Amino acid sequence: MLELGQRTLVMGILNVTPDSFADDGLRMDPDRAVADALRMIEDGVDILDIGGESTRPGAPAVPADEEWRRVAPVLERLRGVGIPVSIDTYKAEVAEKAIAAGATVVNDVSGLTFDPALAAVVGRSGAAVVLMHHRGRSDAMYARAQYVDVVADVIHELAARGVVAREAGIEADRIIFDPGIGFAKRAAQSMAVLAQLDAFATLGRPILSGPSRKSFMKSALGDVPPNERVWGTAAAVTASILAGAHIVRVHDVREMVQVVRVADAIRSSMPAQAPRPETGPKSPV
């Protein structure tokens, strides 16, 4: 079991989709997906996050049966792999099957808003849940990127999703919050959330930061394609850790493991660092 807070954990992204914004689509082949997962483990990843539906802006919704068809063979072959496996889904049907197949975390980009049945599935399962801040489906989320104070508003909305989770039987110590970098946020708003990530400590739960390869970096880097944003990602990951993130979700595991180790060492040497709670979900995260 991993304990959140002693060091920053690295969650590796394993997209089993043909249309991810940052991957080549070759992981639709289960052999390739499993090989990549095992390579991530060799490179030092702490958690594998497997997803069968792209959440990039404008991505079409995928039926639950098709999403399950994509992820099932990968989950089955990674059962007992030795590290926690997360299922990146907002669908109750997919989450329930994935938990039965060994997943111990449900990473819901909708924060329990897209499928009303998901909260109950997680509640009775004992799995941990990542509640990400989001507004609207992928084709409409930027139209809803209207905030009075983006940091205060996102904290308020995440706290409300936490209440929904607890009312569904998900104990507080199974909840992780993700401020949703790049989701329903313009570039400047995502930068502001990263710059003030320490404010999310008021939620009293571990924070996951997922800036990897995202388009908000173009405001600083120019029109650089996703697979060339490794160094930009390294900067965002470092900023996240110095502000107290417990988990960073990344594509480039080998490189980011090094970034995390150095950023953790710097953080541990800071004279007035904010406390990072050393409590985590009951589930093996």
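Please read all numbers here as calculations on a predicted model, not as lab measurements.
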Do [X] and [Y] make a side-chain contact, defined as non-hydrogen atoms from C-beta onward lying under 4.5 Å apart?
{"X": "V193", "Y": "Q189", "result": "no"}
{"X": "V154", "Y": "Q196", "result": "no"}
{"X": "L131", "Y": "R205", "result": "no"}
{"X": "R213", "Y": "D252", "result": "yes"}
{"X": "K214", "Y": "P211", "result": "no"}
{"X": "V151", "Y": "F200", "result": "yes"}
{"X": "V129", "Y": "R174", "result": "no"}
{"X": "M217", "Y": "T233", "result": "yes"}

Please check if the number of heavy atoms outside Q258 that lie under 6.0 Å from its CD is greater than 12.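 At most 12 heavy atoms, drawn from other residues, nucleotides or ligands, come within 6.0 Å of this atom.
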For [X] and [Y], work out which heavy atoms get closest and say how close.
{"X": "T8", "Y": "A245", "answer": "OG1-O, 3.8 Å"}
{"X": "L194", "Y": "S209", "answer": "CD2-OG, 3.8 Å"}
{"X": "I175", "Y": "G162", "answer": "CD1-O, 4.1 Å"}
{"X": "E67", "Y": "V62", "answer": "N-CG1, 3.7 Å"}
{"X": "A128", "Y": "V122", "answer": "O-CG1, 4.4 Å"}
{"X": "R70", "Y": "G52", "answer": "NH1-O, 2.8 Å"}

Let's go through T89 and E53 carefully: what are the C-alpha distance in whole Å and the side-chain angles of both, what is the deciding distance for side-chain contact (heavy atoms from CB on, under 4.5 Å) to 0.1 Å, and is it a yes or a no? CA-CA 8 Å; T89 189; E53 177 178 331; over 6 Å; no
State whether the side chain of [X] and the backbone N or O of [Y] hold a donor-acceptor pair below 3.5 Å, judged by distance alone.
{"X": "D108", "Y": "L112", "answer": "yes"}
{"X": "D198", "Y": "A243", "answer": "no"}
{"X": "R229", "Y": "V224", "answer": "yes"}
{"X": "D153", "Y": "V148", "answer": "yes"}
{"X": "H246", "Y": "G5", "answer": "no"}
{"X": "S212", "Y": "H251", "answer": "yes"}

Are W231 and M256 co-members of a hydrophobic cluster defined by side-chain heavy atoms under 4.5 Å apart?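 No, because M256 and W231 fall into different hydrophobic clusters, even though each may have its own neighbours under 4.5 Å.
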Test side-chain contact (heavy atoms from CB on, under 4.5 Å) applied to E96 - qualifying residues, sequence neighbours left out: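 For E96 the side-chain contact (heavy atoms from CB on, under 4.5 Å) partners, ignoring immediate neighbours, are V121, R124.
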For a salt bridge (charged side-chain N to carboxylate O under 4.0 Å, His left out) check, start with the C-alpha distance between R32 and D36, then their side-chain angles and the critical distance, and finish with the verdict. CA-CA 6 Å; R32 167 68 182 270; D36 284 353; 2.9 Å; yes
Can a salt bridge be assigned to the pair E42 and R39 using a cut-off of 4.0 Å between side-chain N and carboxylate O?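 The answer is no: the pair does not qualify as a salt bridge.
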Determine, for E157 against R161, whether the closest basic-nitrogen to carboxylate-oxygen distance falls under 4.0 angstrom.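 No, no charged N to carboxylate O under 4.0 Å.
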Could you check H134 against F114 for ring-ring contact (aromatic ring centres under 6.0 Å, His included), going step by step and ending with a plain yes or no? CA-CA 10 Å; H134 204 331; F114 289 175; 5.7 Å; yes
Per-pair distances, 0.1 Å, donor-acceptor, side chain in residues 176-187, under 3.5 Å, sequence neighbours excluded:
unit_1: D178; atom_1: OD1; unit_2: G180; atom_2: N; d: 2.8
unit_1: K185; atom_1: NZ; unit_2: H133; atom_2: ND1; d: 2.8
unit_1: K185; atom_1: NZ; unit_2: P179; atom_2: O; d: 3.0
unit_1: K185; atom_1: NZ; unit_2: G180; atom_2: O; d: 3.0
unit_1: K185; atom_1: NZ; unit_2: F183; atom_2: O; d: 2.9
unit_1: R186; atom_1: NH2; unit_2: Y142; atom_2: O; d: 3.3

So, using side-chain hydrogen bond (donor to acceptor under 3.5 Å, both in side chains) as the criterion, who are the partners of R77 when residues are at least two apart?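 Scan of R77 (side-chain hydrogen bond (donor to acceptor under 3.5 Å, both in side chains), adjacent residues dropped) gives D31.
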Worked check of side-chain contact (heavy atoms from CB on, under 4.5 Å) between D46 and R7: CA-CA 11 Å; D46 296 295; R7 61 182 179 84; 2.7 Å; yes
